[in-house]
Amino acid sequence: MKTSEQRTEEILRRAEAQRESAARRSKRAWLLSVTAGFLILVLALNLLLFLPYPSGLPDLSRYAGSEYYGLMQQLNALTYRAPQYKNNFEAWFGDLFSGSNNSDGMGGEAVAPDEGNGGSAYAEVTDNQEAGVIEGDLFKRTQSHIFYVRQDDSNRLSLLAYTIGGTQSALCSRLEIAPEGKAYFPANSELELYLSEDGKTATVFTVQWAYEQQQRYTAAISVDVSDPAHMKEVRRTYLSGDYVTSRKAGEDFLLISNFAVRSNPDFSDEAQFLPQAGAYGALESLPMADIVAPENADAARYTVLCRLGSDLAVKGHVALLSFSEEVYVSQGNIFVTRGYTADTSADGETVSYTYREARTEISCISYAGGGLREAGSADVPGEVRNQYFMDEQDGMLRVVTSTDAGLLEYAGDAAALPHEEYMKSASLFVIDLETFETAASLERFAPAGESAISVRFEEGAAWVCTAIEYESVFVEDPVFHIDLTDLANITYTDTGTIPGYSLSLVDFTGGTLLGIGRNDDFDLKIEVYERAPDAVLPVASYERNADFSEEYKAYYIDRENGLIGLHIDDYEGGASARRDCYVLLHYDGYGLNELLALPLEEYYSCDETRATIIDGCLYVVTPVGIYTETLPWQGA
Amino acid sequence: MTECTDRSAALYRAFLEGDGGALEELVKLHGDALTRFAYCIVKDDAAAEDVTADTFAALIVKRKKFREDAKFRTYLYAIARNRSIDYLRKHGNSRSLTGLENVLAGAEGDVGVFARERNEALYASLQRLPAPYKEVLYLCYFDGFSVKQICRILKKSVKQVYNLLARARSALRRILLKGGFSHEDI
C-alpha cells in the first residue's frame, strides 16, 4: 500500500482533476438545462397556444342509466356550441382589435320602522283580467295599509307599508329584502306583490341572479305583514329561470318562469340543465315525468310552471321544453304562448313562391284539481301580443292574433303572387279545449296591413283595436266589436278608420268600452266607445299633450263610478315645461272630464305609479312616496 | 474512536482553513481503514487505493462543513462506499480477491486494527462473504461504527442493519469454523 505522503499527493492531484471535471460538468449541465428549459418553454407555449379545443358533441354515455338520459341527449344537441376558435392562439390573437366588458352590482341595508297598527282584511286594487284569478302588482292593500314593492337605483328591493289615513297617510315601515346567498337582484327586475286574504302575509315575486352558478332564479318571498310596523321575512322558495308572471288562484300561487339551458352545459350538474324548485341550497330537480319534451323541440329553453301553496311549499310543477312569451290564466287553465315562424311554399302555373309566416303555439296546462297537468296545445297563425288577446269561455279558448308573413323567394310572374293572403291583418280563432282544434274563426277581419294592438274579451264578444304600423308608429284606429254569441256565425261591426289607436281596451261603465292610447300626434288619447246596432261609435274623448305608461296595471279604473286615473308626463306648457302629475278623469255619460291633476314633485317612471280611491280620498303611490288628495266629488 | 473522530473533524476544519499538513494527517488516520473497507467491496487492492484517493479528493472538492464531529467519519465512509459501488458498476463485480496481502499490511506497517494475526485472519475470512455482509461486519467490528452510523453509511434502517449483522455473523462463523477456528476462538 502507498504511504500517506504518496496518497496525499495522489489525492490532491485527483482533487484538482475532479474540480476541473466538476467545472466542465457544471458548464455542460448549465447549457443543457438552459437548452432544455428553452425547449420545454417552446413546447409548453405550443401546447398552450395550439392545442385544439375539443369539438363535437360531448359524450353522455356515462349518464345512460339516468331517467333524464333522453332529455340530456336532446339538450346536448340543442345547446352544443362548437368552440368559436380552434385553439387559444385564435382565441387570444384572432380578434386582437376588439373586446367588451361587463359588470354589475348589488347592495342592501334597511331603514328603521315607523309606527303602525294591526293589519286587516285584504281589499283588491288590481283590475284582474279574470274573475277569481288574482294578478300580482306593485301594490296591494288591506283596510288599514297600502303595501308597495319597489326596486331602487341601487337595485335594492323594499317592501313599504303606508298607513291609510286620508291626507294624514304616511310611511309606516320599510322592509329591505336582501338577495340570498351569492346573488343579487338584477336591475329592472320584474317585481310583483300579493297579499293573503287575511291581509297578514305579503308575497313578493322577483328574479335573483346567482352569479356563482351563473343562473337566474325566480324567487318567491313571503313576508309577515300582520304587524305592518314590524314586517319580517318568513321564507323563500326558488324556481329555476327568469320570472315571467304569476297568479293567485284560491290560496295557491301559479308561478311561471323561463329557464334557458346554457350552451354546453355540464351534465353532471343537474342545476345547469334541469329546472329545479325548492328552498335555497335544497332545490330539487323536476322528475322526468313532469318534463314535456317534444321531439321537434328547437330550443333548449323551458317554460316552468310551478304551483305553490300559501306557505310557498311546492305543490306541483310542469316544465315544457319550449320558451313562452305571453301567459293567460283562466279559472282552470294556464295558457302559455310561443311564437315561431313556418315556411309555406307553393308551385303554381305561373309562379312558385315561399312565404315565411308568423305562428303561435299555445300550450294549455290545467291547474284544476290541485296539481299541474299538461292538457294539450293548439297552433294558430299570427302573433299574440299580450295576455288580453286570449280568453277562455265555456270550454273554448278565444284568441286574437296579428297575422303577418314575408315573401322569402319566388320564381315566375310576380304579378301572380298572392300578396293579399299574406298581408298583415288580424284574425280571431276559437279553439275547442277538448280537441285543441280550431272550432271557429274570423280570419283577416282587419283591413289589410293592420295589426291587432289591443283586445278585450267580454262574455259573448271581443273588442279589438287594429292599427297600421308605420315606421314603428301606429297611426290609425278602427275598433271592432266581434259578436261571438253564435260561433257558427261570427259577425262584427267597427268604428271605421279614426285617428290614433288604443294600447289598452277596457270594458267600462254601462256597457261602454274605454280605449287608452295615442292620437295621431303620439299624445295621450283616451276614448269611450259604445256599440250601436251596426257600428262602434266613439262617444267621448280626452286628449292631452302628455306621455304616459303603456302598462295596463298603471291605470286606475273604477267602472262603478266611471273613473280613470293615470300618471302623465305633461307637456301642455311645452317640452321644457314638463311636469309629472296624476290625472283623474270622470266619464259622466257625455264626456270625459278632468276631476283633478295632482302634481307629483319627483320625476320617475309612469310605469311604477299606482293609485286607488278609499273613502273619497285618492292615494297615489310612487317609488318615492305617497300622495293623497281628497276628491272634490262625492261620487267616489 | 470518539477521540479519533473529534480529531478528524478538527483536522478537516484546519485543512479547509488552509493547513496543507492537516490533509496528510487525515490520510494517516483513515487511509488504511478506508482502503480495507473499499477492498471489501471492490476486492482489488489497487482499486481500493483508487477509491480511497477519490474519496479524499471528493472531500476536498466539496468542502462540506460538519457541525458535529461524529458525522465526518460517517460521511467519509459513505463517500467511499458510493465510489466503490461506482467502480463495480464500471468494472464488473466478478473478480477474485487480488492483493489481499497488500491491504492487510497497510501503509503504516503494523499500526492499526490488523496488528494482531487473529484479526488479519478474520479480515481475510471476511472477504469470502457476500459484499453486504462484508460491509456491515467491517464497519461494525473493524472500524467501530455504531449501528446508527452504519445505517447512515449503508442507507438502511436500524432493523435492516441488525438483521444484516446477524446473518453476516452467522455466515462468518461457518467460514471461520471451516478455516480451523474453534468455537472457543469465535
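So that the names make sense, note that chain A is the first sequence line, chain B the second, and so on, each numbered from 1.
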Next item on the list: State whether the number of non-hydrogen atoms from other residues, nucleotides or ligands found under 6.0 Å of A/Glu67 atom CD is greater than 12.
Entry: yes
Margin query: Counting C-beta onward and ignoring hydrogens, is there a side-chain heavy-atom pair between A/Gln18 and B/Ile60 closer than 4.5 Å?
Written below: no
Next item on the list: Assess whether atom OH of A/Tyr280 is packed by more than 12 heavy atoms of other residues, nucleotides or ligands within 6.0 Å.
Entry: yes
Notebook entry, point to check: If you look at every heavy atom in B/Ala57 and A/Ala15, which pair is closest and at what distance?
Noted result: CB-N, 3.5 Å
Next item on the list: Take A/Leu12 and B/Leu23 through the test side-chain contact (heavy atoms from CB on, under 4.5 Å) and record every step on the way to the result.
Entry: CA-CA 9 Å; A/Leu12 290 171; B/Leu23 179 64; 3.6 Å; yes
Checklist line | From B/Phe56 atom CZ to A/Thr8 atom OG1, the distance as rounded to the nearest 0.5 Å | finding: 8.5 Å
Notebook entry, point to check: Do A/Arg14 and B/Asp50 come close enough that some side-chain heavy atom pair is under 4.5 Å?
Noted result: yes
Note to self: Using heavy-atom distances under 4.5 Å, tell me whether A/Glu16 contacts chain B through its side chain, its backbone, both, or neither.
What the structure shows: neither
Next item on the list: Specify which of B/Thr55, B/Thr52, B/Asp54, B/Leu26 makes the most heavy-atom pairs with chain A at under 4.5 Å.
Entry: B/Asp54
Check: Does CD belonging to A/Glu284 count more than 12 external heavy atoms closer than 6.0 Å?
Finding: no
Margin query: Any heavy-atom pair between the side chains of B/Asp32 and A/Arg7 that's under 4.5 Å?
Written below: yes
